[in-house]
Structures are given as C-alpha cells and as structure tokens.
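See below for the structure under consideration.
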Amino acid sequence: MTKSLVIVESPAKARTIAGFLGDGYVVESSIGHIRDLPKSADDVPPALKKVPWAKLGVDVENDFKPLYVVDADKKQHIQRLKQLLKDADELYLATDEDREGESIAWHLYEVLQPKVPVRRMVFHEITRKAIQQALSSPREIDRRLVEAQEARRILDRLFGYEVSPVLWKKILPKLSAGRVQSVATRVLVERERERMRFVTAKYWDLDALIAKKDGSTFDAGLVSVGRARVASGKDFGEDGRLTKSDVVLLDEAQAKALADGLRGQPMTVRSVERKPYKRSPSAPFMTSTLQQEAGRKLRFSTSRTMKAAQRLYENGYITYMRTDSTTLSEAALTAARRLIEEMYGREYVPSAPRTYANKVKNAQEAHEAIRPAGDTWKTPEDVSREVGPDEAKVYELVWKRTVASQMQDVRGESIVVKIAGKARDGRDVEFSVSGNTIQFAGFYRAYVEGSDDPEAELESREKHLPELVEGESLVARELKANGHETQPPARYTEASLVRRLEELGVGRPSTYASTLSTIQDRGYVFKKGTALYPSWTAFAVVSLLEKHFPELVDYAFTARMEDDLDEIANGAQNAVPWLRRFYFGEAANEGPNGAGGDNGLKTMVSENLGEIDARAVNSIPIGVDPNGVEIVARVGRYGPYLQRGEDTVSIPEELAPDELTVEKSLALLTAPSGDREVGKDPETGLTVFVKAGRFGTYVQLGEATKDGEKPKTASLFSSMKAETLTLEQALKLLSLPRTVGNDPADGVAITAQNGRYGPYVQKGTESRSLESEDQIFTVTTEQALALLAQPKTRGPRRAAATGPLKELGVDPVSQKPIVLREGRFGPYVSDGDTVASLRKGDTIDGITPERAQELLAERRERGPSTKSKRGRGGAKAKAAASEKPAAEKKAPAKKAAKKASTKKPAAKKASAKKSDEGDGAEAEDSRPAKKRSPDVTAEP
DNA sequence: CAGTGAGCGAGCTTCCGCTTGACTT
C-alpha cells in the first residue's frame, strides 16, 4: 500500500482532512508560508551580507531576484516535513487555491526537494466528497501564478523598505509606509480633513401632535411650507450652504412663528399611500463582514473578533474565518434548508437556495463563507455552554447570519400619510408620517431567535399608525419647533475602515486586523471608544506621500496592481519588466540594462530625496490669526505643537485634529501656559513658578527680564510632582547648590547639587555622583570628601563602562587584545581600534574569541562608516540650514543656540529615549515650545 | 523647551500575506 503525504496550510484543516482520508495518508500542515524575504540584515546568510541589496532581500540589479530564507521558528517544522516525506511514496501539495497558496506549494516543493512524485491538489470545501475528487484530479504547480505572487511580494517589499526610511529621515524614526497601511492611514486623514473643512449649518423644523376626531393622537413631521420642501441635513454641502435652491430653510424665529400659526388649526389627510415592501437577507459572512458586524453589534475590535473566530474554527464550530467568499457549499445549503424547515416551517424555505454574487474586488475565493461547521449545526445556546463568552457571541452572529441568508424575504406593508394644513397667515403646510407592518417575518425569525420574546422582538420592528383615511379631518393640537445642526461625516471605526479598505480592494482577510494594529502601533491612529482618530504624525506622513509619492497612495493603486498581477498570472505580461517600471521608472525597459528611468521609486528615494522639504511636510496649516499670521501644526521630536511666528505651544494629546480650529489654536497659544505659581519667595518677593521643560519639570524664581538676565531655575526631584509641590520644597530646590562644608585640608568649599547626570558633590573642578537626590541635603563633609577621594572610575556608571567584562584573546589582524565591555548602547567588543556591538543572538556569556574576531572583521569591512557618515550628515545639515535663511531669520539667536545644543551629548542623550536621531539630519527636531499644557510631562 | 559635570562606540527601525503556538500573568 502506498503512503501519501498531504500538506495543507492550517493544522486544524489537516486534522479534519486526515479523518476523511484514512490510513494511506499522512496529513500535515505548512502553517502558512514557510519562506520569505529576509526581515532584516540579521536574516541574510553571512556570504550575502555585503551585497548592496542585502537589506532589501531583492537583487534589484539582477532581474529582482528574491532571496528567500526559512524563518528560524519554521526550521524545525521543515525538518519534520522532510522526515515525513522520507516515508512517503508521493506528495500532495494541497495548499489553498489562490495566489498565496500556489506560492506556498511552490516553496514547499523547492525546500523539500521531493524525490517522489509530486501532485498539486485543490479543493474549496472540506467534505469527504470534495477531498476525494481533488485527490483524483491533481494538477501541476502553476508557475505563472507563483510568479504573480512573487511580483506582489517584491513590490510590497520595495515599497515598504524604500519609502519607510524616507519617513525616518524626514519625519520621525521607526515610522512605516506600505501599500496597505498608507492607504488606510490616508483614508482616515482625508476623513479628518473633511471634518476640518466642514462648516456646521443650522436648520429648524416642526413636529406636530395631531389629533383625530376620536381624540387619539399621533406625531407627524413638517415636510413643506408653501409648496416648497423644508430643508433638512442632507440639503447642505460641507461648506454649510444649501446645495439646492428649491427648498425653504427655516430659522428659529420662522419655525417658532410657524408653530404658533398652526397651533389648533384644522388639518386634513391629503393622501394615504400603502406600498408592499420586502427585505432580503444579507449574504453569509466573510472575514470583513464578520468584523463589521461584530464591531457594530458587539463593539469588538477586529482582532478580538478574529481571536474568537480562530478558537471556534480550531474547535470545529465554524468554517475557516479568513475568507473573501460568500459562497456556501452544497452541504451547507442542505443543512441550512433542513434546519430552517425544522425550526420555522416550510414556508420559510425559499424554492431554490439563495446565491450571493461576490462584490469584493480581487476576491480569491479559496474558501467558502464563514458558517457553522459540519452537516448539522449546533444551536447558539448549545455552543454557548461549551465555549467562552466571546466565542459564544461570535458563533451566534455566524449562526443567525448563515441561517437567515437562506430564508425567505421579509414581506410587509409601508404606509405614508400626508397631512395638509394652513397656518393662520395663510401659508399651506404639509406634514408627513410613515409606518410599517410586517406581514411575513421571513428571515427576521432567525434574528429574533434566542430572545426572550421573539414575537415582541418582531413587533418592535414595526411602526403602527392609527387608521387614517383620505379627507379625514384632524386638528393640530400641539406644535414644537426643533433646531438641528448638520453633522460632519463620522470618523471611521475599525469596522467601517475595514469596509472601506475592502471596497478599495486593499488588504486581505488575513491582514485587516493586523493592518489596524500596525497603524495604531506606529502612532498614526489612536482610538477613542470605537472611533479612529488620525494623529498629526499621520497628517505629516500622508501629506509627504501625497506630494512626493502620489502614485503609491492613490486609492486605485492596489486595484491596478491586481489587474497587472492577473496579467502576469495568465501570461499577458511578465513580472520583471513590470517591477522594473515600478522601481526604475517608465523608461527603464527601453534603455540598455534598464537604465534611464527618471520617475521610478528608486530615483525618488535616492537622488530626489533632497526635494522633500522636511519642514514643509511636517507643517499642517491650520489657518491665519486676525493679524494674518499663519498658524501651523507641526510634528516635532517631542510631540505635535502649534506654531504662530515665534509662539509655540504643545498640542494636548487628547485633542482631535478636527477640534484644532483657529479659535482653539489661538486659545492654546494665548492661554496662560502650564506654569503654576507656587508662591512668593519671602526674601526677594519674586514669584516662584513650576514649569515643564525639555528635561522635565523645574521651578523658576521670578520671570525672565528683558535685559537678558535669566531667572534661577532648578529641576524637581524625581520624588516630587508639579501638582503637589509646595513653596517650601520649591525654595529648597532654588537654594541649591548647597554648601556642604569646607575641606579642612585646604579650606575649599564643597557643594552638593543636581545636574545633568543626577545629584553630585563638587569641590573645585572635581565632582562625584551621589546615589540619591535626598543626599544633596543630607550628605556630610566627611562623606563628600570620602567620595571625592575615590577615583572617578569607581562610580557605578564608570565601573560598567570601563571594567572589561571579558577578555577575548588577541585579535589576529590588529595583534591587540580584544575585550568585551558594557557600554551605553549595550555590550560591545573592541580591540582598541575597532568597536563592534554584539548582534542579535550574541550573548555576553556565549561570546567566543572567534566570534569577537568575526564581529570586528565585519565592522572593519564596513569601514569607518561612523565618522564619514557623521561628517556627511553634518555637512548636509549645515547646507540645508543655509539654504533656508528666511525661515531662520526670525529667531536666529534662539534657533542657533538650540541647534547647537542638540548636538551636545546631553541633549542627544536626553532625546535618545524617545527617538534616536539616527542619520535623520534633516528631520524636524527643533521644538521651541514656550508653553505646555499642565498634564503633559516631558520625557526624561 | 531651563542650564549644571564626567566620557566610549552604534545599529536598527520598515513592507504584505500565509499560518500557529511559545511564553508569561
């Protein structure tokens, strides 16, 4: 008997299929992709580390040849697959039938190097019949489809890894750009821009309480006055003006006057219009619609929904949860129809199963819709006893949606009643009221299933009106004028953003949740409740991309890419020229060796980098103040801030971009700063302030005077808080430095104070750190002298910096001893000339002399890059500064001082925590905020 | 972003799509 190895993508799927296949088959999973481009240089094999494209993992000069590496945590699994293959007579690659699945099959083939016959099999539903059929009709791996996947992968890598560094240089380090995330961010930014542009309009209308002859009453709304329709929200544009001319806009006075003129007036039923209506159920869930529904109904985030769905899938309650298909298998249709007939009766079963056309662009449909698994479906009540609360809720959504999707339409009747009247001033008015009744509940039955009182639930979906006949006489008993304001378009939620991305064809079922995490992790988006707010960083990034990479953030970019990938998959075009056009420009394929392109990605991220004005892209215009001075929001290294001329102020974190109007900006800029008065110094009579500064909170004695004399300041101790600081504490701080005493030997004074590196004692030019801030006040002359008597290297900092942790023999190149030290940036090895940091995977204990030599050799290989780089960076920065003298002229002294100070180690160290400067010489780094909101504390 | 003292050198960040555990609390 032959043994066959079958490899699918998911372990849960493998278990299910194994049950169908029996003894002759071993079913395993690949657990997704098995190889990928290297994530960073660390993943590149040593032999290739030096090639210029090592970081990209794509040899752009050589037909974009990709370098594939097996992920570290996949290596063991590959070994296992190889082992299983040894005992097999044939191999079935049964990965999903889509672009990615085909690629996984090919990578498996390449990595496993099977010596036995290999067959590719595909199936769309996991039933015994479908699997058997797939086994008996295998095919070959579709190389073109694999090429299309490879092209997609390479394009995404080039986009992500070439454009992200542009953001590091021009905006902030560690930012990212990508085909999917950048469009997602742009969608949010554009919506916020709409909200910022939006002008609210006010309009009024009337509600009438109308009485029948028999005394019963009902409410109706005003629809027209003097034959003209009354304006409502939808009649206004975003500028707050009416978009139509044939409507009547009521203001408060007019509405109230009209209400007065109608009170007690006779009215007549002008028309009663009854119309049958029907509602059809929605399609079964796919990933995006499940995420939307769970977001709307359960307020779940996409990742919470997916975690619950994953558990339901793994435990056999639902089918695969990452799908873009709304198709139900034959088995599912049968199960649904039988269930509906049994639970609700034959009249709820449509004559033929419903099918739903897939509206998703680029749908790959490798799986079926998300539905209860199996041939008979457990009820939500049964499942809720077996799983956790989240899972139970998600299962209930899936069950109801799936069952409803195969039920009959809801049928009912809608009624619209128009009521005519005349105001006392003679104007004709018309009111309207509508209702609806359900005649046949259809699929609503499934949705009310499980509620305490299904009939009452159904009834709540109806709106009953009193019996009204044409010509009937009524009285307007009460009238109320209601004021309304138009609302800007709502912010996106996770659910609605997923829907928008899906409309654009951007992203895949497996990535919606992670894309949302990414844009939040990067600080592009933050959530308040369920609403997604774009940050100022997002504004800066999006405006940079729109201006300099418009093609890449075009909403149709992915759609066009998909069209091209389809052509690559069906042989109508080839991947290499396609990638060449993208990377080297349109003309790339015409010139020899692909040279000559001028509008490609590569040019834009290299030669043309200088065109991107960091200052400009980081400035988001807000408006002008009454004097015509421009106000801009800017993204700086220490957070977003507002700038008007020389005035700057931090933008409070919780403030949404669209709330930062000109008025609000002026309020922030002119508001009393976050400074607090602690009290008055009894000696000088000067006011003592607490302020937030670059290096944290500090106290200040008096205010800065015009004659350039600076007030005395002192940092707060870490144990103190700005809000609770007392005058006593403040004065104590301001009394520093404290004279500890005199050295009896030479009479020189010893002082104790706080400094850049913390508390210390000082005598003349000698200083030593203290261990705690409190010691500034408690240290005695003897203790201070003892400290000062110790050599400098004895301090805790210095000990770590200078004491070699390990000696690692003599370097064969330099013939000098190698030592391992712990430094500011972590452990490193050095032979005195060359210094090399330990890399990922290296440990202090595990380092060998050989490894140390290797590290040093690698470091030498790269040359004295540090210094030369710095030289270039510095020169560039200077050149850039001199290029824009106009911008600098306003506050030359201040800016120059600041620039100089950022170059000082102290400033660098202070900023390193939040964001390393890297070689981002051009990035916005001046942050001259004078004022700060009290609740924002500076980074240490 | 206040202004106060020491010293030793970087290397990395990032994409999109497939898929699960491995770890803790």
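Numbers restart at 1 for each chain; the letters A, B, ... are given by sequence-line order, proteins then strands.
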Self-check item: Pi stacking test for A:Phe159 and B:dC15: under 5.5 Å apart, planes under 30°
Solution: no
Exercise. Under 3.5 Å for both distances, Watson-Crick or G-U wobble, that's the pair rule; now give the dot-bracket for DNA chain B, with | marking pairs to another strand and [ ] for crossing ones.
Key: .........................
Exercise. Let me know, please, whether A:Arg322 or A:Gly160 comes out on the 5' side of the other along DNA chain B by nearest nucleotide.
Key: A:Gly160
Whole angstroms only, please: what is the [atom1]-[atom2] distance between [X] and [N]?
X: A:Glu502; N: B:dG17; atom1: CD; atom2: P; result: 13 Å
X: A:Asp98; N: B:dG17; atom1: CG; atom2: P; result: 12 Å
X: A:Asp324; N: B:dC18; atom1: CG; atom2: C1'; result: 13 Å
X: A:Arg15; N: B:dT20; atom1: CZ; atom2: C1'; result: 11 Å

Is the shortest side-chain heavy-atom distance between [X] and [Y] below 4.5 Å?
X: A:Arg322; Y: A:Arg508; answer: no
X: A:Thr302; Y: A:Tyr512; answer: no
X: A:Arg152; Y: A:Glu562; answer: no

Self-check item: Heavy-atom donor-acceptor pair, A:Arg152 side-chain to B:dC16 base, under 3.5 Å
Solution: yes
Quiz item: Between the base of B:dC16 and the side chain of A:Arg157, is there a donor-acceptor distance below 3.5 Å?
Solution: no
OP1 or OP2 of [N] sitting under 4.0 Å from any side-chain N/O of [X]?
X: A:Arg35; N: B:dT19; answer: no
X: A:Gln181; N: B:dC15; answer: yes
X: A:Gln149; N: B:dG17; answer: no
X: A:Ser510; N: B:dC18; answer: yes
X: A:Ser40; N: B:dC12; answer: no
X: A:Ser10; N: B:dT20; answer: yes

Practice problem: Name all residues meeting the side-chain contact (heavy atoms from CB on, under 4.5 Å) criterion together with A:Ala54; count only those two or more places apart in sequence or in a different chain, and write none if there are none. | Solution: A:Val44, A:Val51
Quiz prompt | Contacts of type side-chain contact (heavy atoms from CB on, under 4.5 Å), residue A:Thr323, not counting sequence neighbours | solution = A:Met286, A:Thr287, A:Ser325, A:His367, A:Ile370
With sugar-phosphate meaning primed atoms plus P, OP1 and OP2, does [X] contact a base, only sugar-phosphate, or nothing at under 4.0 Å between heavy atoms?
X: A:Ala177; answer: sugar-phosphate
X: A:Asp36; answer: base
X: A:Gly101; answer: nothing
X: A:Arg508; answer: sugar-phosphate
X: A:Pro165; answer: base
X: A:Glu9; answer: sugar-phosphate
X: A:Gln310; answer: sugar-phosphate
X: A:Ser176; answer: sugar-phosphate

Quiz prompt | Residues forming a ring pair (Phe, Tyr, Trp, His ring centres under 6.0 Å) with A:Phe582, sequence neighbours excluded | solution = none
Quiz item: Between A:Arg153 and A:Asp36, is the closest basic N to carboxylate O distance under 4.0 Å?
Solution: yes
Quiz item: Partners of A:Thr518 by side chain to side chain donor-acceptor pair (under 3.5 Å), sequence neighbours excluded?
Solution: none
Quiz item: So, A:Ser176 and A:Arg522: side-chain donor and acceptor under 3.5 Å apart, yes or no?
Solution: yes
Self-check item: Test item: side-chain donor near acceptor, A:Asp831 and A:Ser814, under 3.5 Å
Solution: yes
Could you list all N or O pairs between the protein and nucleotides 22-24 of chain B that sit under 3.5 Å apart?
none

